[in-house]
Each structure stands twice: as C-alpha cells, then as structure tokens.
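Keep in mind that what you see is a predicted model, and the values were worked out from it rather than measured. Just so it is clear: chains get the letters A, B, ... in the order the sequence lines come, proteins before strands, and each one is counted from 1. Side chains included, hydrogens not; waters and symmetry mates left out as well; all remaining heavy atoms used.
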Amino acid sequence: MPRSNVTDFQKAVYDSISRVPRGRVTTYALLAQSIGCRSPRAVGQALRRNPFAPKVPCHRVIASALTPGGFNGAKAGTEIARKLRLLAAEGVVFRDGRLADPSRIVRPC
DNA sequence: GAGTCATTCGTTG
DNA sequence: CAACGAATGACTC
C-alpha cells in the first residue's frame, strides 16, 4: 500500500532536485516550470509525500518568496529547523526566516 | 510592504 | 469522481 507507487511526475521532480548542486537551493515554481508544470502545488504534493525520503533533499526546495515554506505539512518545527541547519551547513544561510542570499537559488535547468 | 483572491496539477480517499 | 495539498501570481490597501 504503499504509496511508494512512484509516478513519472515524481521522478521528474526528484531528477530536477538532484540536478541542483550542493550549496544551492531551488524553488517550487522553478521546479514546476522545469518539469513542464505550471502548478508548484503538484511538486509540493509529491515532495510532501516524499516517496524518496530522505533520498530527496526536500530541504533544498524553498518557496519563491525566499521563505522555507513548509515541510512535512508544517511550516515550523524541529524537523524544519534541522533542514535549515543542513542548508546552512551547505552554504545556504537563512536570516530572519528568509534566505539571506537569494542568489543561492538556481534553476534546475 | 503586507494581505487577499483566484489559479492550477497531481495525488489520495 | 471529488477534495486536498509544502504554492504562485496578480491585485488592492
């Protein structure tokens, strides 16, 4: 029962995230557009289920507003704090709940 | 700059 | 088949 039934769409999302080099982050919108989707929601849905967790670095994906957005269905918590710390360890620093360097956002293309 | 409304795609129930 | 979900964009105040 597994909801592990990975679909092509999820594979595309995973591939796009994997294309992002370490120390860089991506946004839902960029990912969605990169895979040919106009709704970042679908991407968020796929990541939220995280069929590839923790293989999928969802923490590397943030909202376009430079905000971490949410993770695991929650916009805050110990889990998200851990992800932010991981990003900081990679060079992505969050300041005041927002990305300190928007230039860290790269296009999966 | 901040808040609200409408939009849009795929997954799950 | 219907509803939901980690969002985005545009408009208004």
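- When all heavy atoms of A:Pro21 and A:Val106 are compared, the pair lying nearest together is CD-CG2, 4.3 Å.
- Between A:Ile80 and A:Gly69, the shortest heavy-atom distance links the atoms CD1-O, 4.2 Å.
- Closest heavy-atom contact between A:Phe71 and A:Val61: CZ-O, 3.5 Å.
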Next item on the list: Would you check, one step at a time, whether the test salt bridge (charged side-chain N to carboxylate O under 4.0 Å, His left out) holds for A:Lys11 with A:Asp15?
Entry: CA-CA 6 Å; A:Lys11 279 185 192 175; A:Asp15 190 52; over 6 Å; no
Checklist line | Letter per nucleotide, 5' to 3', of nucleotides 1-10 of chain B [B base touched, S only sugar-phosphate touched, - untouched; heavy atoms, 4.0 Å] | finding: ------BBBB
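- For the pair A:Tyr28 OH and C:dG9 P, the interatomic distance rounds to 14 Å; values are reported in whole Å.
- A:Val20 and A:Leu87 are not part of a single hydrophobic cluster, where members link through side-chain heavy atoms under 4.5 Å apart.
- Note: CD1 (A:Ile62) to C1' (C:dA7) measures 13 Å, nearest angstrom.
- To the nearest 0.5 Å, atoms OG1 (A:Thr78) and CZ (A:Arg85) are separated by 11.5 Å.
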Check: Based on Watson-Crick and G-U pairs with both distances under 3.5 Å, what dot-bracket line describes DNA chain C 5' to 3', crossing pairs as [ ] and inter-strand pairs as |?
Finding: |||||.|||||||
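- At whole-Å resolution of the value, CZ in A:Arg49 and C1' in C:dA7 are 17 Å apart.
- Using a distance-only test at 3.5 Å, with no hydrogens or angles considered, a donor-acceptor pair links the side chain of A:Arg104 to the main chain of A:Gly91.
- When distances are taken from the side chain of A:Pro40 to each of C:dT8, B:dG13, C:dA6, the shortest belongs to C:dT8.
- Going from atom CG of A:Leu66 over to atom P of C:dA6 covers 20 Å, rounded to whole Å.
- In this structure, the CG atom of A:Leu31 is 12 Å from the C1' atom of C:dA6, given to the nearest Å.
- Atom-to-atom, CG of A:Asn5 to P of B:dG13 comes out at 12 Å; the value is rounded to the nearest Å.
- Between atom CD1 of residue A:Ile105 and atom CZ of residue A:Arg60 there is a gap of 14.0 Å, rounded to the nearest 0.5 Å.
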